[in-house]
Number of protein chains: 2
Amino acid sequence: MGHGEAAGFVTLRGEEELVRRAGDLFASAREEFLCGAADLVTWSGGVNAAFADGKRPPLRPEREGGLAMRKVYTRRALGDPHSERRLAAIAASGAQVRISAAPLAREAIVVDRRVAILAGSEARGPRTYTVVRAADVVEGIHSLLYATWEAAEDVADCLGAAALPELDEEARSVLGALSAGLTDEAAARRLGMSLRTYRRRVAGLMAAVGATSRFQAGVRVRGR
Amino acid sequence: MGHGEAAGFVTLRGEEELVRRAGDLFASAREEFLCGAADLVTWSGGVNAAFADGKRPPLRPEREGGLAMRKVYTRRALGDPHSERRLAAIAASGAQVRISAAPLAREAIVVDRRVAILAGSEARGPRTYTVVRAADVVEGIHSLLYATWEAAEDVADCLGAAALPELDEEARSVLGALSAGLTDEAAARRLGMSLRTYRRRVAGLMAAVGATSRFQAGVRVRGR
DNA sequence: GCGCGAGTGGCACGTTGTTGCCAGTTCGGG
DNA sequence: CCCGAACTGGCAACAACGTGCCACTCGCGC
């Protein structure tokens, strides 16, 4: 493992090695297990295996005592009914699950604010995982991941709203114009499209969120 | 220095050493300078000094070319008029400034997705800063900080919001009608007031939040 | 090329929202 | 009682938004 280990971090290759060399980290969680990922694919089978029955202290869904298992995903995790069922199962097992509006390009885990695990790029070869133990770095990572956790909303409030489709680049710019309080005419000019097309976009957006007035659309669309 | 440096990170003590040993990192930013902090105290004088005139490429407030200077703070940075003025100045200089609803316990900077700097605890002795260069760790930190950035809202939408007055009972019911997507006519009937008066209420609300369209009002009023 | 479907932009017209103006009401001092 | 301030509701003119219709352009497959 070279220099890294002595200095506070080590890179592992592939999920198998992660489970073998760091699996006990997961099972050793006592206070908090904070986990962020784009969807349910990462940290999948192997990592969960490390949490095999009995190897994990009892969860505390709400407060006081036990382990706080906190998982934050993006909307990608809400895509299909299958994912939603798995999410519901996770939540039912006592974990706190939230959905972040922001993208999470790299998966991350922080255990008891003492160890952080960062997933590497999926690009080439087996996936890598970097285990970080340097206190200041772990604290920094925890701070950021916790901020994302705090800013996310409970999955229970999202399941119904799951029908929300992803917004493409154009939709976001239309949203920006609407949020800026521009009139349709000004907004269309700024975005370089005709008034008619701009209004088509707005109508499409409103239909997408099921709003019947622009005010309602603004409320529903806030934060996306 | 020790093992850390060879392995990808090094801890510096005090802001003076940070500027001396890592100041050129700041000035070397080319693509993106992403910075998260609870308030305007950290990264204060010393770090800004590293950005002395001419040592920094031109900013690109919006798109294409130049350096994207992105700063995300918590609401603590909005406390007093003095802070607000400094924030406004930062934004006016071409930086993109956002306010995160979540706490940021530790300050963090990521430069060009190549180097991360994490502030240590303020608890004992001079403040420490950890400079991280290990690619996977930096990418992971960037991913998290960027997620916080994405989830935060533009400071321009927050400055006015500081002075948001409390809403009385009637205002809340008007808000409810608006959020329900009713037309003015239906809303006025439901609330038992005339169309004219209802519209007066709406106009008052919009003026109170400084919105120029109902959509914008919906965005600004969300969650109150 | 031809037909086809998707997307765009112009136009018209209906609906909804915004505002000034004024008359009527209520309430509290003088 | 009278006055004025604050509020309400009706009316009207105007601005803004919503949408159906049609002509036009692209790109695609035959």
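These numbers were taken from a predicted model, which means no experiment stands behind them. Numbers restart at 1 for each chain; the letters A, B, ... are given by sequence-line order, proteins then strands. The figures that follow rest on heavy atoms only: side chains count, while hydrogens, waters and symmetry mates do not.
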Extract, from 5' to 3' on DNA chain C, the first and final nucleotides lying under 4.0 angstrom from some heavy atom of chain B. C:dG17 to C:dC21
Indicate yes or no: at least one non-hydrogen side-chain atom of B:Y129 is less than 4.5 angstrom from one of B:L118. no
Go nucleotide by nucleotide along DNA chain D from the 5' end; which of B:L195 and A:S213 gets its closest nucleotide reached first? B:L195
Output the rounded distance in Å from CZ (A:R189) to P (D:dA16). 11 Å
For the pair made of CZ in A:R199 and P in D:dG20, what is the distance, rounded to whole Å? 14 Å
For the pair A:E107 and A:R127, find out whether any cationic side-chain nitrogen is under 4.0 Å from an anionic carboxylate oxygen. yes
Please check the phosphate of D:dG18 (OP1 and OP2 only) for any side-chain N or O of A:R214 closer than 4.0 Å. yes
To the nearest angstrom, the CE-P distance between A:M206 and D:dT19 comes to 7 Å
Please work out which of the three classes, parallel, tilted or perpendicular, describes the rings of B:F26 and B:F33, given edges at 30° and 60°. perpendicular
Stepwise, does the salt bridge (charged side-chain N to carboxylate O under 4.0 Å, His left out) test hold for B:R214 with B:D184? CA-CA 12 Å; B:R214 288 198 177 190; B:D184 288 5; 2.8 Å; yes
Can you confirm whether the side chains of B:S143 and B:E139 place a donor and an acceptor under 3.5 Å from each other? no
Grab the CZ-C1' distance between B:R201 and D:dT8 for me, whole Å please. 9 Å
Give the rounded distance in Å between these two atoms: CD of B:E185 and C1' of D:dG10. 14 Å
Among D:dG18, D:dG20, D:dG9, the nucleotide that comes nearest once only the side chain of A:D184 is considered: D:dG18
Under a 4.0 Å N-O cut-off, is there an ion pair linking A:R113 with A:E32? no
A:E185/A:R196 salt bridge by N-O under 4.0 Å criterion: no
With a 3.5 Å cut-off and just heavy-atom distances, do the side chain of B:R200 and the base of D:dG9 make a donor-acceptor pair? yes
Take atom CZ of A:R196 and atom C1' of D:dC17, then tell me their distance rounded to the nearest Å. 11 Å
Separation of atom CG in A:L205 from atom P in D:dG18, rounded to whole Å: 12 Å
